[in-house]
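This report concerns only the one structure given below.
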Amino acid sequence: MSSKEVKNLEAIFDTKIARDEKIEPKDWMPEKYRQTHIRQISQHAHSEIVGMLPEGNWITRAPSLRRKVALLAKVQDEAGHGLYLYSACETLGISREELYDQLHTGKAKYSSIFNYPTLTWADIGAIGWLVDGAAIINQVPLCNTSFGPYARAMVRVCKEESFHQRQGYEIMMTLCNGTKEQKDMAQDALNRWWWPSLMMFGPTDDQSTHTEQSMKWKLKRKTNDELRQQFVDQTVPQADILGLKIPDEDLKYNNDTGHYDFGEIDWSEFWQVVKGHGKCNKERIKARKDAWDNGKWVRDAAMAYSEKQKLKKAKQAG
Amino acid sequence: MKKDWPLWEVFVRSKNGLEHRHFGSLHAPDAEMAIKNARDVYTRRKEGVSIWVVESKHIKASNPDDNAEMFDPADDKAYRHPTFYDLPDDVEHM
Amino acid sequence: MSNKNLKHYIYGIADNALILGQRLSELCGHGPTLETDIALTNIALDLLGQTRSYYQYIANLSTENTSEDDVAFLRKEREYRNVLLVEQPNTDFAYIITRQYFFDVFHFMLLNKLQKSKDVNLVAIANKSIKEVGYHKQFSGDWLKRLGDGTEESHEKAKQAVNDLWVFTDELFHSSNNDHQVIESGYGVDPNSFKEEYYKTVSSLLEEATLQVPETKYFQKGGKEGIHSEHMGYILAEMQYMQRTYPDMKW
């Protein structure tokens, strides 16, 4: 294809996106669009399945049967969401196995929040409330993103996730209405999860490398800082209802802007975790890799069996 | 031996009277397990009463590069649609 | 029918569902594929759902103010009546599937008979559960065939699992003296009534899976009398962690 033809295709492509038309897997797309989508969708998928681990850590210790089934169903949903997203990614011509390989070898990233440990039952409440809350803010706009399979996967994900945040908030509510020890446990969890949750929206706008291009492709509709502000604005009143204190001395409602001002995020901690030196980075990857490696003989067996059955049938027919 | 589970497309009928609709995809070694996996992955919230699966490689798709020839010619055939025909307002049941 | 005997009998059914559900929940996030992970979690959720129905019924039968969670989390090891089979660890996928299949076939036959119990509550639980367990049995049976008749490696692993877990199957058919009273009054089910059918079904699937039916005459028992394996203490330590650390709190 001549560069003029490519230019022409790119112009058609840009017009389609500007008109809010969806791009489907077999449509022509710029290579950079494909690569960016593989990166973002797989990163999202990896976050779902690595995200199963910190919460999975409490399934066997959930304090009531009701909490146990709710948490189990939630973590299972995350496996489902990972699956939907890997499938969306596969339409771009990369296999799930290749994507796993990228995760296991550290080539692919996932949301850093899951490299923090879950130390008490209240952490399960805090994750549902804060981490899922932040995730929803990030995800809802993606239901309208330009790449069809990603948008469709996100519609399903958002629909299913509607109970996740409520599940977490209800746990926090119960703790805050409980004994002093329980309320302290809730406060301690908020103290530990608050800042990492704010970091989930990524670097500040002036540091973010992908924003402009992603806005154009509708992979993003708002900037990191706008989304972070939205999260703070909606979460502070929820903390008030719980009677918990957000661990930020600088947090204050600003009458002029109509938003909450908040303190400086510790970006050195953010980069430390992103670069692989969080508390649980190694365990998380190891757990995923072990599951996959130990499952190899199982997957092989299922394939071998099905091939034997095919042969048997062919023989009977012949 | 390195052989990964192939990809399957899953179609689910939400309730009798409706068509099967594409729900998504998954991996499975064969059709039998693809149906089981589809049941576990895609109908956990009572989304379906019937499941079809087909291995993705067996789907033959039209080429979007041919879309102009394939689909644009239908653009100007307004006479296939009821609004093309002028009728007086007082004609009922038509 | 004394409530005490009836409760004792129901524990013999419900505790199996709880402990196996607990074992399966350990796996969530660690399955060999996402699809299988999701499927096993569905089974865990079914079993825990059944557990809740039984325990709610037990709580209703109790004179003290007891909840399903008191029943689930506040008993001592000796008071759990689950069979040894369901407390066996998730050694590998072959163990997980074999344990599941050995239990599912039994569970299905038990519920089938329980649908004719004189106790309407048990009938209602059985009617709902049997559909779930019918699927569990299909799932684990299908997988056991794949492992047995898959690769050489999977065959070896399945063989090992079948040999190791076979010794726990006989206990499924044990009943205590109190159980017998519940059975004789028509509230409970005599598992011996389907023991032969059980071994016939299991043997025929093992054969299809190219696996040999173990020939041992020595079986393990004790779970139903509260004499468990060494695994049980750890299962409970984990499961009851919150109740033991923070007594008398609502979660």
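Because the structure is a prediction, the values reported are computed rather than measured. Protein chains get the first letters and strands the later ones, always in sequence-line order, with residue 1 at the start of each.
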For [X], is it the side chain, the backbone, both or neither that has a heavy atom under 4.5 Å from a heavy atom of chain C?
X: A:Met185; answer: side chain
X: A:Leu83; answer: both
X: A:Gln182; answer: side chain
X: A:Arg66; answer: both
X: A:Glu55; answer: neither

Could you go through C:Tyr246 and A:Thr179, starting from their C-alpha distance and side-chain angles, then the distance that decides it, and tell me whether this counts as side-chain contact (heavy atoms from CB on, under 4.5 Å)?
CA-CA 10 Å; C:Tyr246 308 97; A:Thr179 62; over 6 Å; no

For [X], does the [atom1] atom have more than 12 heavy-atom neighbours from other residues, nucleotides or ligands under 6.0 Å away?
X: A:Lys74; atom1: NZ; answer: yes
X: A:Lys308; atom1: NZ; answer: yes
X: C:Glu238; atom1: CD; answer: yes
X: C:Gln212; atom1: CD; answer: no
X: C:Lys128; atom1: NZ; answer: yes

On a heavy-atom basis, which atom in [X] and which in [Y] lie closest, and how many Å separate them?
X: C:Ser25; Y: A:Ile59; value: CB-CG2, 3.4 Å
X: C:Leu147; Y: A:Val298; value: CD2-CG1, 4.5 Å
X: C:Thr151; Y: A:Ala304; value: CG2-CB, 3.7 Å
X: A:Leu65; Y: C:Phe73; value: N-CE1, 3.6 Å
X: C:Gly29; Y: A:Ala291; value: O-CB, 4.4 Å
X: C:Glu35; Y: A:Arg96; value: OE2-NH2, 2.7 Å

Using only non-hydrogen atoms and a strict under-4.5 angstrom cutoff, which residues of residues 158-169 of chain A touch chain C?
none

Region of [X] that comes under 4.5 Å of a non-hydrogen atom in chain A:
X: C:Tyr241; result: side chain
X: C:Asp149; result: both
X: C:Lys157; result: side chain
X: C:Leu18; result: side chain
X: C:Gln243; result: side chain
X: C:Glu152; result: neither
X: C:Ala237; result: neither

If you count heavy-atom pairs under 4.5 Å between each of [options] and chain C, which one has the most?
options: A:Ile49, A:Thr174, A:Thr60; value: A:Thr60
options: A:Arg288, A:Met52, A:Arg61; value: A:Arg61
options: A:Gly178, A:Gly295, A:Ser64, A:Ala79; value: A:Ser64

Could you tell me which of [options] has the largest number of non-hydrogen atom pairs under 4.5 Å with chain A?
options: C:Leu45, C:Thr33, C:Asp142, C:Leu48; result: C:Leu45
options: C:Glu68, C:Glu26, C:Lys145; result: C:Lys145
options: C:Gly31, C:Gly148, C:Gly21, C:Pro32; result: C:Pro32
options: C:Arg52, C:Met239, C:Arg23, C:His155; result: C:Arg52

Show your reasoning for whether side-chain contact (heavy atoms from CB on, under 4.5 Å) applies to A:Asp300 and C:Glu153.
CA-CA 9 Å; A:Asp300 288 349; C:Glu153 185 184 7; 5.9 Å; no

For the atom pair [atom1] ([X]) and [atom2] ([Y]), what is the distance rounded to the nearest 0.5 Å?
X: C:Thr210; Y: A:Tyr305; atom1: OG1; atom2: OH; result: 10.0 Å
X: A:Glu78; Y: C:Thr41; atom1: CD; atom2: OG1; result: 11.5 Å
X: C:Arg146; Y: A:Gln309; atom1: CZ; atom2: CD; result: 8.0 Å
X: C:Cys28; Y: A:Leu72; atom1: SG; atom2: CG; result: 5.5 Å
X: C:Met242; Y: A:Arg67; atom1: CE; atom2: CZ; result: 10.5 Å
X: C:His30; Y: A:Trp292; atom1: NE2; atom2: CH2; result: 16.0 Å

Distance only, no hydrogens: is a donor on one side chain within 3.5 Å (strictly under) of an acceptor on the other, for C:Gln22 and A:Lys68?
yes

